[in-house]
Amino acid sequence: MSQVQLCVNVDHIATLRQARGGNEPDPVQGAIICEEHGAAGITVHLREDRRHIQDHDVFALRKVIKGKFNLEMALSDEIIEIARKLKPDQITIVPEKRQEITTEGGLDVKTNFKRICEIVSVFHSENILVSLFIEPEEEAVMLSKESGADFIELHTGAYCNAKVKDTIDKEKVRLFHAASIATNIGIRVNAGHGLNYINTAPILTMPGLEELNIGHSIISRSIFTGLANAVSEMMQIINKKK
Ligand code: PXP
């Protein structure tokens, strides 16, 4: 089994910045730190409502990311145009609803099949990998392969949200089953959504798993792992006053 790679989703650094409307914290600086500490790449979601990551962020990120730059995007003409100018290493197509708190559910590959096929060929002509964020269901995996996409990203949300052991086990089986179909038919496997410091380890042996996209839990944890230093630094400034 080869090493599973981590792509850190830095959207919520931008969420915090947007709360004040200034320049900090800067997701670009965050991306640099993530890569310096072992992340194989950086993921951001340029949403149509621009609630966190902004257009200037993605172009600034393109200049600093050394590993894989994975841009999550909806089936939106406006974002497709930006992505073509940006040239990330990979796009991940996700469903997007305006009122949602975060991405809910996987892409409906069947309904959007023709459009997805067109987008796959547009990005392939620019040498950009295409991943489809889907539920761990056989039909979605098969259609993803048929569309020509390079990767599926299996939606781990139901597994992560499950509270009782029985449901957790069932959701894990669904993920492993979908991943094994994908490896059998020759489409590469990523996974993500809701993964944290407890539920990540049990899914690392998923067949063919290459990359995990993890955001919220890492950014949340960094507040507490970084808070002690942040307070100490301010205390030093205050105590040097006089
Ligand atoms: N993968 C996809 C396709 C997503 O939309 C998101 C959330 O933006 C993630 C992974 C990361 O999820 P989380 O922030 O819960 O780790």
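The chain is numbered in sequence order, starting from 1. Model, not experiment: these values are computed from the prediction. Both counts, for ligands and for their atoms, begin at 1 and track the order of listing.
- Where the criterion is an N or O separation shorter than 3.5 Å, residue side chain and backbone included, G215 meets it with respect to ligand 1.
- Judged by distance alone, with hydrogens and angles left aside, the side-chain atoms of T183 form no donor-acceptor pair with the main-chain N or O of P207 at under 3.5 Å.
- Each of the following atoms of ligand 1 lies closer than 4.0 Å to a heavy atom of I214: 16 (O).
- When each atom of ligand 1 is checked for a heavy atom of V94 under 4.0 Å away, the hits are 3 (C).
- Inter-residue side-chain proximity for L129 and F123 is flagged as unmet; no heavy-atom pair is nearer than 4.5 Å.
- Interface of E153 with ligand 1, defined as ligand atoms under 4.0 Å from a residue heavy atom, comprises 1 (N), 2 (C), 3 (C), 10 (C).
- Set against the non-hydrogen atoms of H216, the atoms of ligand 1 under 4.0 Å away are 13 (P), 14 (O), 16 (O).
- The proximity of N213 to ligand 1, defined as any non-hydrogen pair under 4.0 Å, involves the side chain as well as the backbone.
- Ranked by closest heavy atom to atom 9 (C) of ligand 1, the top entry among E72, H52, H12 is E72.
- Taking 4.5 Å as the limit, every side-chain heavy atom of L71 sits out of range of all side-chain heavy atoms of T92.
- Using a cut-off of 4.0 Å between Lys/Arg side-chain N and Asp/Glu carboxylate O, E35 and K66 are scored as not salt-bridged.
- Of the N and O atoms on the side chains of Q90 and N70, at least one donor lies less than 3.5 Å from an acceptor on the other residue.
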Ignoring hydrogens and angles, write down the donor-acceptor pairs under 3.5 Å from the side chains of residues 133-142, residues two or more places apart or on other chains.
from : atom 1 : to   : atom 2 : distance (Å)
E135 : OE2    : G106 : N      : 2.8
E137 : OE2    : R174 : NH2    : 3.4
E139 : OE2    : K110 : NZ     : 3.4

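- Taking every heavy atom of G194 and a limit of under 4.0 angstrom, the matching atoms of ligand 1 come to 12 (O), 13 (P), 15 (O), 16 (O).
- For G192, no nitrogen or oxygen atom sits less than 3.5 Å from a nitrogen or oxygen atom of ligand 1, counting backbone and side chain alike.
- Counted by atom type alone, H124 and D150 present one or more donor-acceptor pairs between their side chains at under 3.5 Å.
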Donor-acceptor pairs under 3.5 angstrom involving side-chain atoms of residues 77-88: please list them, not counting sequence neighbours.
from : atom 1 : to   : atom 2 : distance (Å)
D77  : OD1    : R115 : NH2    : 2.7
E78  : OE2    : R50  : NH2    : 2.6
R84  : NE     : E126 : OE2    : 3.0
R84  : NH2    : E126 : OE2    : 3.1
K87  : NZ     : R84  : O      : 3.2
K87  : NZ     : E126 : OE1    : 2.6

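- Proximity of H155 to ligand 1, defined as any heavy-atom pair under 4.0 Å, is not found for any part of the residue.
- Heavy atoms of S217 come nearer than 4.0 angstrom to ligand 1 in no pair at all.
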